[in-house]
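Computed over heavy atoms, backbone and side chain alike; hydrogens, waters and symmetry mates excluded. Per chain, numbering begins at 1; letters A, B, ... match sequence-line order.
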2 protein chains.
Amino acid sequence: MRDLLAITKALADENRIRAVALLEGHELCLCQIVEVLGLASSTVSRHMSILHQARLVETRKQGRWAYFRLADEDAPDTVRDAIVWVLAALARDKQGKLDRKELKAVLKMEPEELCRRQGECKC
Amino acid sequence: MRDLLAITKALADENRIRAVALLEGHELCLCQIVEVLGLASSTVSRHMSILHQARLVETRKQGRWAYFRLADEDAPDTVRDAIVWVLAALARDKQGKLDRKELKAVLKMEPEELCRRQGECKC
DNA sequence: TCGACATTTCGACAGATATCGAATTATAGG
DNA sequence: CCTATAATTCGATATCTGTCGAAATGTCGA
């Protein structure tokens, strides 16, 4: 029950669902997700930690960068099915489509350049 | 996105998940769910309302009693898949099994007798 | 019509959660 | 070694949420 609840709670937030949608098919670093969601990096870090604790997202650290990806085939059934369900629901969703569009633009920038840009523009 | 979030939020509470589990295969009236969950009836009513707004649960009123059942085949795909997912996850769960066991005892009482019993024992 | 009663709604309150900015940690490169 | 920087952790705060009991609503039976 605790595992199940961790998953539903992790998915009970709009920005975390958007993050899951962004990760479909890609591995992304934190600053890329920050760019699309438009939240403070500390906030996004927290969100990703919650998704990770629910085992929906895997983490990999490389140098200064933290990379995130969706859990893969060897995750527990409950986790895998949850991801399949969310992605299917989002496939019919408007906000999901908007985010994916913006993500394409963000993906064109190298992570390094992107992080630099975030440092500059304190808008 | 709003629909999807309504579902994940509805499922992001332990007592609401237990309620969904109880409804598998049955239609139950409010006082039966109250008996198993051990919460104030006003609280359970609120929980069922949240599940209903997410379209996970259908409501039927008959006389003084309110009956609840899981959404059926003509619910939206996202709703149906969510129910399937939760029930599958709960099938492997300990608390789910405990609740189902207690439910059997509660189901042996008629709703009418049950409600009377709740009135008497203000423990 | 009146009283009993199952349910819902309302008001209050405690605890959880999302968010930010500041401080901290860890790492790459000069 | 020292600095810049990506990420995380921490402290504060505002909002949301679960819960209860009291009041309101609607329905049955006398």
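Rounded to whole angstrom, the span from the CZ atom of A:R46 across to the C1' atom of D:dA12 amounts to 13 Å. If you measure from atom CZ of A:R60 to atom C1' of D:dA6, you get 15 Å, rounded to the nearest angstrom. Between the CG atom of B:N15 and the C1' atom of D:dT19 there is a distance of 10 Å, given to the nearest Å. One atom, CD of A:E35, and another, P of D:dA6, lie 12 Å apart when rounded to the nearest Å. If you measure from atom CG of B:L37 to atom P of D:dG18, you get 14 Å, rounded to the nearest angstrom. Note: CD (B:Q53) to C1' (D:dG18) measures 15 Å, nearest angstrom. Distance CG (A:L28) to P (D:dA6): 16 Å, rounded to an integer number of Å. In this structure, A:L11 atom CG and C:dA18 atom P are separated by 12 Å, rounded to whole Å.
With sequence neighbours excluded, the residues forming a side-chain contact (heavy atoms from CB on, under 4.5 Å) with A:T78 are A:L4, A:I7, B:W85, B:A89, B:R92, listed by chain and number.
To the nearest 0.5 Å, atom CZ of residue B:F68 and atom CD of residue B:Q32 are 11.0 Å apart. To the nearest 0.5 Å, atom OG of residue A:S45 and atom CD1 of residue A:I33 are 10.0 Å apart. Note that CG of A:L11 and CG of B:L5 are 9.5 Å apart. Values are rounded to the nearest 0.5 Å. Atom NZ in A:K9 sits 11.0 Å away from atom CZ in A:R2 (nearest 0.5 Å). Of the inter-residue distances, the one linking A:D13 atom CG with A:R18 atom CZ reads 10.0 Å to the nearest 0.5 angstrom. Considering CG of A:L22 and CG of A:L28, their distance stands at 6.5 Å, rounded to 0.5 Å.
Among C:dT19, D:dT19, C:dT7, the nucleotide with an atom closest to any side-chain atom of A:L39 is C:dT19. The side chain of A:T43 sits closest to C:dT19 out of C:dT8, C:dT19, D:dG18.
Residues in residues 61-74 of chain B take part in these salt bridge (Lys or Arg N to Asp or Glu O under 4.0 Å) pairs, two or more places apart or across chains: B:E27-B:R69.
Within the helix from C:dT1-D:dA30 to C:dG30-D:dC1, the inter-axis angle between the opening and closing five-pair segments is 30°, rounded to 10°.
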Using atom types as modelled, flag every donor-acceptor pair under 3.5 Å from a side chain in residues 47-56 of chain A to any protein atom, sequence neighbours excluded.
| from | atom 1 | to | atom 2 | distance (Å) |
| --- | --- | --- | --- | --- |
| A:H47 | ND1 | A:R16 | NH1 | 3.1 |
| A:H52 | ND1 | A:V57 | O | 2.8 |
| A:H52 | ND1 | A:T59 | OG1 | 3.4 |

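Regarding contacts with the backbone of C:dT8, a side-chain N or O of B:S45 is found under 4.0 angstrom from either OP1 or OP2. In this model, the phosphate group of D:dT19 is approached by a side-chain N or O of B:H47 to a distance below 4.0 Å at OP1 or OP2.
Map A:A40 and B:S49 each onto its nearest nucleotide of DNA chain C; the residue landing nearer the 5' end is B:S49.
Considering only heavy atoms from C-beta on, A:L23 stays 4.5 Å or farther from A:V20 through its side chain. Two residues are said to be in side-chain contact when any heavy atoms from C-beta on lie closer than 4.5 Å; A:N15 and A:T43 fail this criterion.
When the shell of 6.0 Å around CZ of B:R46 is examined, it contains 12 or fewer heavy atoms from other residues, nucleotides or ligands.
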> Reading nucleotides 11-17 of chain C 5' to 3', which nucleotides get B (base under 4.0 Å from a protein heavy atom), which S (sugar-phosphate only), which -?
Replying inline: ------S
>> Generate the contact string for nucleotides 22-30 of chain D. Rules: B means base contact, S means sugar-phosphate contact only, - means no protein heavy atom under 4.0 Å.
In response: B---BBS--
